[in-house]
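What follows is a single structure, and I will ask about it in a moment.
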Amino acid sequence: MKQDEQQGERLQKVLAQAGLGSRRAMEEWIAAGLVTVNGVVAQLGTRVHEGDVVRANRRTIPIKTPGSDLPRVLLYHKQEGEIVSREDPEHRTTVFDQLPRLRGMKWIAIGRLDFNTSGLLIFTTSGDLANRLMHPRFQVEREYAVRVQGRMGDERMRQMLEEGIELEDGPIKFEKLTDEGGEGYNHWYRVMLKEGRNRIVRRTFEALGLTVSRLIRVRYGIVNLPPRLKRGALLELEPGEVSKVLDWAGMQMQPVHKKQAAPGKGNFEKTRNRPVKAGSARKTAHLSREKTAGPSGKKTGVHAGKKATTQGAGLPRNYKR
């Protein structure tokens with residue numbers, strides 16, 4: 001038996017894997033006396049074992065053996081008119097309404113998309129994974145298809161790639177920028193950047209005198225928006241794909257081997273609004289084959305099937321011009 005298995009799992013790691021937040025945030029909860037183990041206020045350095053009763057923020061957290069489970073990862077094709085928030089005073093539709101319900105864990109949105117932006121959203125039950133993919137210091141790539149009213153000249157494109165421009169909250173520079181063509185007054189561009197400031201793509205084009213009429217996130221890190229994943233639909237990554245994402249992010253976890261229902265034979269998870277088949281749209285690609293620098297600092301090329309492609313002016317197949 002490994003020494004870690006004898007000593008148990010670090011408490012902050014267990015809480016982060018349950019989706020309550022990053023390990024650093026969980027350490028702050030423990031230091032503040034907000035976590036108990038078997039009825040006793042936990043201390044920093046506490047380790048827990050399967051069967052221990054852990055309570056944090058009025059929730060009971062199930063304890064599993066070290067490395068027994070992978071976190072869950074969902075891909076969601078967000079529609080315009082949805083918000084990325086659990087609650088909204090204006091009672092607008094929230095993306096969390098579409099997700100499967102969980103016990104003892106919660107879904108964490110990796111990154112946000114504003115009300116009028118569509119495309120790829122990633123959800124996970126791992127606070128550590130969410131932190132790795134969102135924290136500015138990891139510089140995870142985000143790629144967008146952008147339709148604007150008007151056209152950016154060659155000099156402006158060169159400036160955005162080489163020098164960047166100054167916004168009210170600091171400078172911004174695109175890592176990649178390609179002209180995807182267009183019809184009439186509308187023009188499409190494909191852009192890639194490594195930060196997620198609020199409305200950063202829209203504000204950048206507005207600073208260039210161009211109004212964004214449509215914005216679609218098509219990639220986040222190594223995860224692509226599957227071309228056949230319809231708007232409002234969900235897709236859960238399989239254990240092998242989750243392992244590849246974790247490896248790319250510099251996290252090592254091994255899945256437990258459980259007998260699963262065969263595809264197409266009742267392997268469904270019930271959501272609030274409709275049944276979603278785990279592994280639906282499986283023939284589409286969602287992990288990029290391109291060598292992309294991950295939070296771990298290494299470049300990894302992993303993929304499932306063919307790389308996600310576009311059709312027309314820089315659009316995923318399931319979009320119309």
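This one's a predicted model, so the numbers in the text were calculated from it and none came from an experiment. Heavy atoms only: backbone and side chains are in, while hydrogens, waters and symmetry mates are out.
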Next on the checklist: If you apply the rule side-chain contact (heavy atoms from CB on, under 4.5 Å), what do you find for Thr93 with Gln98, and how did you get there?
Outcome noted: CA-CA 9 Å; Thr93 302; Gln98 317 302 324; 4.0 Å; yes
Checklist entry - Is any side-chain heavy atom of Leu208 closer than 4.5 Å to a side-chain heavy atom of Met160? => result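 Of all side-chain heavy-atom pairs linking Met160 with Leu208, at least one is under 4.5 Å.
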Checklist entry - Any side-chain heavy atom of Trp248 within less than 4.5 Å of one from Leu133? => result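 Yes. Closest side-chain heavy atoms under 4.5 Å.
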Next on the checklist: Can you confirm whether more than 12 heavy atoms, excluding those of Gln43, are under 6.0 Å from its CD atom?
Outcome noted: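 No, because the 6.0 Å sphere around CD of Gln43 holds 12 heavy atoms or fewer from other groups.
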Item to check | Working for side-chain contact (heavy atoms from CB on, under 4.5 Å), residues Gln12 and Trp29 | outcome: CA-CA 9 Å; Gln12 63 267 32; Trp29 282 25; over 6 Å; no
Checklist entry - So which pairs with a foot in residues 148-159 pass salt bridge (Lys or Arg N to Asp or Glu O under 4.0 Å), sequence neighbours left out? => result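 For residues 148-159: Arg151-Asp179, Glu155-Arg158, Arg158-Glu162, Arg158-Glu163.
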Next on the checklist: I'd like to check the salt bridge (Lys or Arg N to Asp or Glu O under 4.0 Å) partners of Arg23; sequence neighbours left out, ordered by chain and number.
Outcome noted: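 Arg23 satisfies salt bridge (Lys or Arg N to Asp or Glu O under 4.0 Å) with Asp128 only.
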Next on the checklist: Measuring from atom CD1 of Ile216 to atom CD of Glu80, what distance do you get when rounded to the nearest 0.5 angstrom?
Outcome noted: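 Taking CD1 in Ile216 and CD in Glu80, the distance rounds to 7.5 Å.
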Checklist entry - Ile83: which other cluster members, linking ILVMFWY side chains closer than 4.5 Å, directly or transitively? => result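 Result for Ile83 is Phe115.
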Item to check | Single-linkage hydrophobic cluster, 4.5 Å side-chain cutoff, Met26 and Leu34 together | outcome: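 Same cluster.
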Checklist entry - Which residues satisfy the side chain to side chain donor-acceptor pair (under 3.5 Å) test with Thr117, sequence neighbours excluded? => result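 By the side chain to side chain donor-acceptor pair (under 3.5 Å) rule, Thr117 matches Asp114, Arg202.
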Checklist entry - Heavy-atom distance under 4.5 Å between the side chains of Arg112 and Asn198, does that happen here? => result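 Side-chain contact under 4.5 Å: no.
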Item to check | For the student: nearest non-hydrogen atoms of Val41 and Gly33, plus distance | outcome: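 Of all heavy-atom pairs spanning Val41 and Gly33, the closest is CG1-CA, 3.8 Å.
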Checklist entry - Do the side chains of Asn116 and Val212 get nearer than 4.5 Å, heavy atoms only? => result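 No, every pair of side-chain atoms sits at 4.5 Å or beyond.
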Checklist entry - To the nearest 0.5 Å, what is the distance between CD1 (Ile108) and CD1 (Ile122)? => result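 Rounded to the nearest 0.5 Å, the CD1-CD1 separation comes to 13.0 Å.
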Next on the checklist: With clusters defined by side-chain heavy atoms of hydrophobic residues (ILVMFWY) lying less than 4.5 Å apart, directly or transitively, does Val148 cluster with Met157?
Outcome noted: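 Linked, Met157 and Val148 end up in one cluster.
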Item to check | All side chain to side chain donor-acceptor pair (under 3.5 Å) counterparts of Ser213, not counting sequence neighbours | outcome: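 Here the qualifying residues are Arg147.
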Checklist entry - If you look at every heavy atom in Leu121 and Arg217, which pair is closest and at what distance? => result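 Looking at all heavy atoms of both residues, the closest pair is CD2-NH2, 3.5 Å.
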Next on the checklist: Thr94: which residues meet the side chain to side chain donor-acceptor pair (under 3.5 Å) condition with it, sequence neighbours left out?
Outcome noted: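 Applying side chain to side chain donor-acceptor pair (under 3.5 Å) to Thr94 gives none.
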Item to check | Main-chain N/O of Gln149 paired to Asn186 side chain as donor or acceptor, under 3.5 Å | outcome: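 Side chain of Asn186 to backbone of Gln149, a donor-acceptor pair under 3.5 Å: no, none is there.
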Checklist entry - Of all heavy-atom pairs between Asn224 and Leu120, which one has the smallest distance, and what is that distance? => result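 Looking at all heavy atoms of both residues, the closest pair is C-CD2, 4.0 Å.
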Checklist entry - How would you list, by chain and number, every residue that makes a salt bridge (Lys or Arg N to Asp or Glu O under 4.0 Å) with Glu168, sequence neighbours excluded? => result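 Applying salt bridge (Lys or Arg N to Asp or Glu O under 4.0 Å) to Glu168 gives Arg203.
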Item to check | Met192 with Trp188, same ILVMFWY side-chain cluster at under 4.5 Å | outcome: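 Different clusters.
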Next on the checklist: Quick check: do Asn57 and Leu20 have side-chain heavy atoms less than 4.5 Å from each other?
Outcome noted: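 Asn57 vs Leu20: side chains apart.
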Checklist entry - Are Glu180 and Thr178 linked by a side-chain donor-acceptor pair shorter than 3.5 Å? => result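 Distance-only check passes for Glu180 and Thr178.
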Checklist entry - What residues form a ring-ring contact (aromatic ring centres under 6.0 Å, His included) with Tyr220, not counting sequence neighbours? => result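 Per chain and number, Tyr220 pairs via ring-ring contact (aromatic ring centres under 6.0 Å, His included) with no residue.
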Checklist entry - Quick one: do Tyr144 and Met152 end up in the same hydrophobic cluster if we chain Ile, Leu, Val, Met, Phe, Trp and Tyr together by side-chain heavy atoms under 4.5 Å apart? => result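 Yes, Tyr144 and Met152 fall within the same hydrophobic cluster.
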Item to check | Reported OG1-to-CG distance for the pair Thr124 and Leu129, which is rounded to 0.5 angstrom | outcome: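 Going from the OG1 atom of Thr124 to the CG atom of Leu129 covers 4.5 Å.
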Item to check | Glu28: partners by salt bridge (Lys or Arg N to Asp or Glu O under 4.0 Å), with sequence neighbours left out | outcome: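 Listed in chain order: nothing, the list is empty.
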Checklist entry - In this structure, are over 12 heavy atoms from other groups packed under 6.0 Å from Arg86 atom CZ? => result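 Above 12, so yes.
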Checklist entry - Where do Leu113 and Ser118 come nearest, in terms of heavy atoms and distance? => result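 Looks like CD1-O, 3.8 Å.
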Next on the checklist: For Ala42 versus Val37, what's the shortest heavy-atom pair and its separation?
Outcome noted: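 So the minimum-distance heavy-atom pair works out to CB-CG2, 4.0 Å.
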Checklist entry - Any donor and acceptor pair, going by atom type alone, linking the side chain of Arg219 with main-chain N or O of Gly221 inside 3.5 Å? => result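 Yes.
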Checklist entry - In Å, rounded to the nearest 0.5 Å, how long is the span from CD of Glu241 to CG of Leu70? => result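 Output value for this atom pair is 11.5 Å.
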Checklist entry - Just wondering, do Ile172 and Ile165 contact through their side chains at under 4.5 Å, heavy atoms? => result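 Yes, at least one pair of side-chain atoms sits under 4.5 Å.
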Checklist entry - Do Leu237 and Leu75 touch side chain to side chain, with heavy atoms closer than 4.5 Å? => result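 Sidechains of Leu75 and Leu237: in contact.
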Next on the checklist: Donor-acceptor check, side chain of Arg142 to backbone of Val140, threshold 3.5 angstrom: yes or no?
Outcome noted: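 Looks like yes, one N/O pair under 3.5 Å.
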Checklist entry - When rounded to the nearest 0.5 angstrom, what distance separates CZ in Arg190 from CD in Glu143? => result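 Separation between the atoms: 5.0 Å.
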Next on the checklist: My understanding is that only residues two or more places apart in sequence, or in another chain, count here; which of them pass ring-ring contact (aromatic ring centres under 6.0 Å, His included) with Phe123?
Outcome noted: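 Partners of Phe123 under the ring-ring contact (aromatic ring centres under 6.0 Å, His included) test: Phe96.
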Checklist entry - Between Leu74 and Pro100, is any pair of side-chain heavy atoms under 4.5 Å apart? => result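 Contact flag for Leu74/Pro100 side chains = yes.
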Item to check | Pair Lys78-Glu82, salt bridge (charged side-chain N to carboxylate O under 4.0 Å, His left out): steps then yes or no | outcome: CA-CA 7 Å; Lys78 180 187 176 297; Glu82 295 178 327; 5.3 Å; no
Item to check | Glu195: partners by side chain to side chain donor-acceptor pair (under 3.5 Å), with sequence neighbours left out | outcome: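 Testing Glu195 for side chain to side chain donor-acceptor pair (under 3.5 Å), a comparison that skips the adjacent residues, returns Arg197.
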Next on the checklist: Suppose we screen for side chain to side chain contact (heavy atoms under 4.5 Å, CB included). Which residues come up paired with Thr125, at least two apart in sequence or across chains?
Outcome noted: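 For Thr125 the side chain to side chain contact (heavy atoms under 4.5 Å, CB included) partners, ignoring immediate neighbours, are Pro71, Arg72, Leu102, Met105, Trp107.
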Checklist entry - What heavy-atom pair brings Leu235 and Pro226 nearest, and what distance separates the two atoms? => result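 Closest heavy-atom pair between Leu235 and Pro226: CD2-CG, 3.8 Å.
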Checklist entry - Which word best sums up how the rings of His135 and Phe138 line up, parallel for under 30°, tilted for 30 to 60°, or perpendicular for over 60°? => result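 It falls in the perpendicular class, over 60°.
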Checklist entry - Given Arg132 and Met251, is the side-chain contact (heavy atoms from CB on, under 4.5 Å) satisfied, shown in steps? => result CA-CA 9 Å; Arg132 294 244 181 168; Met251 301 171 60; 4.0 Å; yes
Checklist entry - Got a second to check how far Glu206's CD is from Thr211's OG1, nearest 0.5 Å? => result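 Between atom CD of Glu206 and atom OG1 of Thr211 there are 6.5 Å.
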Next on the checklist: The test is side-chain contact (heavy atoms from CB on, under 4.5 Å); show your working for Val54 and Leu15 and say whether it passes.
Outcome noted: CA-CA 9 Å; Val54 176; Leu15 297 174; 4.0 Å; yes
